[in-house]
Amino acid sequence: MLTGFELDFSVDGVRRRRLLQTSWDVRFEAVEPVREFTWHKYGRGFAGWYYSVTVRDHVGYESWLERDRLVLLDRDPQVTVIASQPFWLHWHDGVRKRRHAPDYFVRLADGRARVVDVRAEDDMDEETRESFTATERACEAVGWEFAWVGRPDPVFMANTRWLARYRRTRCGRPAGVADHLLDVFREPKGLWEGAGLVGDRLRVLPVLFHLLWSGALGTDLVGGLMETDSLVWTEGSK
């Protein structure tokens, strides 16, 4: 039942707890994490902070898998805001009180809200599945999307992590180099070849990788690791 869910969250340092149906309109993309991002020498997790160009701030994560998901969310043009550990969801399962903190709250460009939980399939136990099921029910009750995501394709993720090094806007400058690259790759050609046609590769490659990150240029990120002869093209011109 909808009345069985409560949300515990923090705004401007003030902790609040409300029924789900009275807090669905809170801007959870702007709340503070409900728990600290810490790691221990012999612990399973590995916490840290990732600088997101989408939100222009650091976003916390508690594992490498969560960090990878942050990278993918940061590259998704539909994602406008990302908040980590946005709230505790409280409910009673009929036997005992339960709570769960989803990994991310995401706001999309069309206004939709999405709650994201990150966990590899082989790391799921019954209690985690129950928590995800309860979270999905809560999200459905207030019109939010819910997504459980696992490990991404390793080749795709390796390529995307590489491009993430060039995610900052400064890597896309000067604009003249970017424009020249878009023109050169209107006819698909090898990465190294096309960069050389534009100018000094040491100057050109960071801009090229930034355009691949942003999606202005395209390449196959799944078929294999990027190499000098990887085929690159200007999106919309193939």
Side-chain angles (χ1 to χ4, degrees), residues 1-39 45-93 97-120 124 127-150 152 164 167:
M1 293 291 291
L2 177 57
T3 55
F5 293 111
E6 295 183 356
L7 298 182
D8 177 1
F9 55 95
S10 180
V11 179
D12 296 328
V14 178
R15 200 68 174 262
R16 304 177 184 181
R17 182 162 173 167
R18 297 180 183 173
L19 292 173
L20 175 63
Q21 67 265 36
T22 64
S23 54
W24 64 270
D25 58 346
V26 173
R27 295 184 64 251
F28 285 104
E29 60 267 41
V31 298
E32 298 146 11
V34 292
R35 59 186 183 193
E36 295 182 356
F37 300 97
T38 59
W39 66 279
F46 195 96
W49 294 90
Y50 168 83
Y51 181 79
S52 165
V53 294
T54 299
V55 302
R56 298 182 181 181
D57 201 355
H58 288 87
V59 182
Y61 59 85
E62 293 184 307
S63 68
W64 290 126
L65 194 59
E66 289 183 23
R67 189 280 313 274
D68 283 349
R69 185 54 50 178
L70 265 180
V71 173
L72 297 177
L73 290 172
D74 202 24
R75 189 170 181 256
D76 187 341
Q78 294 302 310
V79 173
T80 61
V81 188
I82 311 164
S84 54
Q85 308 292 330
F87 52 77
W88 285 106
L89 175 69
H90 292 264
W91 74 98
H92 196 286
D93 66 4
K97 294 180 180 179
R98 302 281 296 275
R99 73 171 186 171
H100 171 63
D103 294 312
Y104 301 112
F105 183 94
V106 173
R107 184 69 66 182
L108 304 179
D110 60 5
R112 285 177 296 150
R114 180 180 297 160
V115 173
V116 180
D117 266 313
V118 184
R119 185 68 65 92
M124 294 280 283
E127 185 165 329
T128 300
R129 293 182 187 278
E130 291 172 355
S131 293
F132 287 5
T133 298
T135 304
E136 183 173 17
R137 285 179 51 220
C139 289
E140 289 175 350
V142 292
W144 295 343
E145 297 179 359
F146 173 77
W148 160 43
V149 292
R167 65 190 182 275

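All residue numbers in this chain count up from 1 along the given sequence. Being a predicted model, the structure only gives us computed values, none of them experimental.
- Summarising the geometry of Ser23 relative to Leu7, their closest heavy-atom pair is OG-CD1, 3.5 Å, with the distance given to 0.1 Å.
- Among all heavy-atom pairs drawn from Pro86 and Val34, the shortest one is O-CG1, 3.8 Å.
- Pro152 and Leu72 get closest at one heavy-atom pair: CB-CD1, 4.1 Å.
- Taking the six-membered ring for Trp and thresholds of 30 and 60 degrees, Trp148 and Phe132 have ring planes inclined between 30 and 60 degrees apart.
- Separation of atoms CZ (Arg114) and CG (Leu73) is listed at 8.0 Å; rounding is to 0.5 Å.
- Minimum heavy-atom separation, Ala120 to Leu65: N-CD2, 3.6 Å.
- The CD atom of Glu66 lies 8.5 Å from the CZ atom of Arg119; values are rounded to the nearest 0.5 Å.
- The shortest distance between side-chain heavy atoms of Trp88 and Arg35 falls below 4.5 Å.
- Distance alone, capped at 3.5 Å, is enough to place a donor-acceptor pair between the Asp74 side chain and the Thr54 backbone.
- For the pair Arg167 (side chain) and Tyr51 (backbone), a donor-acceptor distance under 3.5 Å is present.
- Minimum heavy-atom separation, Val149 to Val116: CG2-CG1, 3.8 Å.
- Of the candidates Phe105, Phe87, Phe28, Phe28 is the only one forming a ring pair (Phe, Tyr, Trp, His ring centres under 6.0 Å) with Phe9.
- The aromatic rings of Trp91 and Phe5 are tilted relative to each other, their planes meeting at an angle between 30° and 60°.
- Atom NE2 of His58 sits about 11.5 Å away from atom CG of Leu70, to the nearest 0.5 Å.
- Checking each of Arg16, Arg15, Arg17 against Asp8 for a salt bridge (charged side-chain N to carboxylate O under 4.0 Å, His left out) leaves exactly one that passes, namely Arg15.
- Put simply, CD on Gln78 and CG on Asp110 are 6.5 Å apart, with the number rounded to the nearest 0.5 Å.
- Two residues are said to be in side-chain contact when any heavy atoms from C-beta on lie closer than 4.5 Å; Ser63 and Val118 fail this criterion.
- Panel note: side chain Arg27, backbone Val31; no donor-acceptor pair is recorded below 3.5 Å.
- Considering only heavy atoms from C-beta on, Val79 comes within 4.5 Å of Leu108 through its side chain.
- Taking CZ of Phe46 as the start and CZ of Arg67 as the end, the distance is 9.5 Å to the nearest 0.5 Å.
- Smallest separation of non-hydrogen atoms from Val59 and Ser52: CG2-CB, 4.0 Å.
- Checking side-chain atoms of Arg137 against main-chain N and O of Ala134 turns up no donor-acceptor pair under 3.5 Å.
- Paired with Arg98 under the rule side-chain hydrogen bond (donor to acceptor under 3.5 Å, both in side chains), one option of His90, His92, Glu130 passes, and it is Glu130.
- From Arg112, atom CZ reaches atom CZ of Arg107 across 11.0 Å, with rounding to the nearest 0.5 Å.
- Contact annotation: the side chain of Tyr61 never approaches that of Arg69 to less than 4.5 Å [non-hydrogen atoms, C-beta and beyond].
- Checked by atom type and distance alone, the side chain of Gln85 never pairs as donor or acceptor with a backbone atom of Glu36 at under 3.5 Å.
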